[in-house]
Amino acid sequence: MSDANVRIPEEAKERLAAIAAGEGLSLRAYLARLADTLLTPQERAEQAEQARAALHRWTGYAPGPAEQQDLDEELDRRLARAVGR
């Protein structure tokens, strides 16, 4: 595996190194693990589409774009209320 240099603010590097050390990892190992656990926007979109297809197969429910938007807005409102924003 080849290494790459990434330029980030020193404060961010120090914070990440402290978090990694707290978990018994080097910064390199911590960032590699982090990369393995996060999804790219494309992967998230693919999972969302798979979930929509499964929901439709199981229940016949298939919201249209306007209904999805309304549901997303309602979820955003509820999440904002839950975190006290």
Side-chain angles (χ1 to χ4, degrees):
M1 167 189 344
S2 63
D3 289 336
N5 291 321
V6 178
R7 295 178 54 90
I8 62 172
E10 186 66 30
E11 299 81 23
K13 179 184 171 227
E14 289 173 5
R15 180 171 172 77
L16 288 170
I19 293 168
E23 296 189 25
L25 298 170
S26 68
L27 179 54
R28 178 182 179 184
Y30 178 78
L31 292 173
R33 187 180 74 179
L34 183 64
D36 287 340
T37 61
L38 298 176
L39 298 175
T40 66
Q42 181 179 350
E43 290 167 334
R44 281 194 305 275
E46 289 168 0
Q47 280 192 354
E49 182 53 40
Q50 290 171 357
R52 279 190 291 276
L55 180 63
H56 184 258
R57 281 193 309 273
W58 294 337
T59 67
Y61 180 65
E67 187 177 4
Q68 279 184 303
Q69 181 65 33
D70 291 343
L71 292 169
D72 286 345
E73 289 170 4
E74 176 63 20
L75 180 58
D76 289 343
R77 279 192 296 278
R78 290 182 184 200
L79 287 171
R81 200 170 39 238
V83 298
R85 292 193 285 164

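Keep in mind the model is a prediction, meaning the values are calculated, not measured. Residue numbers start at 1 and run along the sequence shown. What's counted below: heavy atoms across the whole structure, side chains too, no hydrogens, waters or symmetry copies.
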Next item on the list: Consider only side-chain heavy atoms of I, L, V, M, F, W and Y, link residues closer than 4.5 Å, and tell whether L55 and L75 are in one cluster.
Entry: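 Different clusters: L55 never reaches L75 through Ile, Leu, Val, Met, Phe, Trp or Tyr contacts under 4.5 Å.
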Next item on the list: Could you state whether Y30 and V6 fall into the same hydrophobic cluster, counting links through intermediate Ile, Leu, Val, Met, Phe, Trp or Tyr residues with side-chain heavy atoms under 4.5 angstrom apart?
Entry: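 In one cluster: yes.
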Show which side-chain atoms of residues 11-24 pair as donor or acceptor with protein atoms under 3.5 Å away, not counting sequence neighbours.
residue, atom, partner, partner atom, Å
E23, OE1, R33, NH1, 3.2
E23, OE1, R33, NH2, 2.1

Margin query: Around atom CZ of R78, are there more than 12 heavy atoms from other residues, nucleotides or ligands closer than 6.0 Å?
Written below: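 Open.
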Check: Taking only residues two or more places apart in sequence, or in another chain, which ones meet A54 in a side-chain contact (heavy atoms from CB on, under 4.5 Å)?
Finding: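 With sequence neighbours excluded, A54 shows a side-chain contact (heavy atoms from CB on, under 4.5 Å) to R57, W58, given in chain and number order.
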Notebook entry, point to check: Is a donor on one side and an acceptor on the other found under 3.5 Å between the side chain of T37 and the backbone of L34?
Noted result: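 A pair under 3.5 Å: yes.
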Next item on the list: Could I get the full list of side chain to side chain donor-acceptor pair (under 3.5 Å) partners for Q47, not counting sequence neighbours?
Entry: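 Side chain to side chain donor-acceptor pair (under 3.5 Å) check on Q47 returns nothing, list empty.
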Item checked: Atom pair CG/CZ of D76 and R81 - distance to nearest 0.5 Å ->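 If we round to the nearest 0.5 Å, D76:CG and R81:CZ are 11.5 Å apart.
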Next item on the list: Say whether Q50 and E46, considering side chains only, have a donor N or O and an acceptor N or O under 3.5 Å apart.
Entry: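 There is no such pair (donor and acceptor under 3.5 Å, judged by atom type) between the side chains of Q50 and E46.
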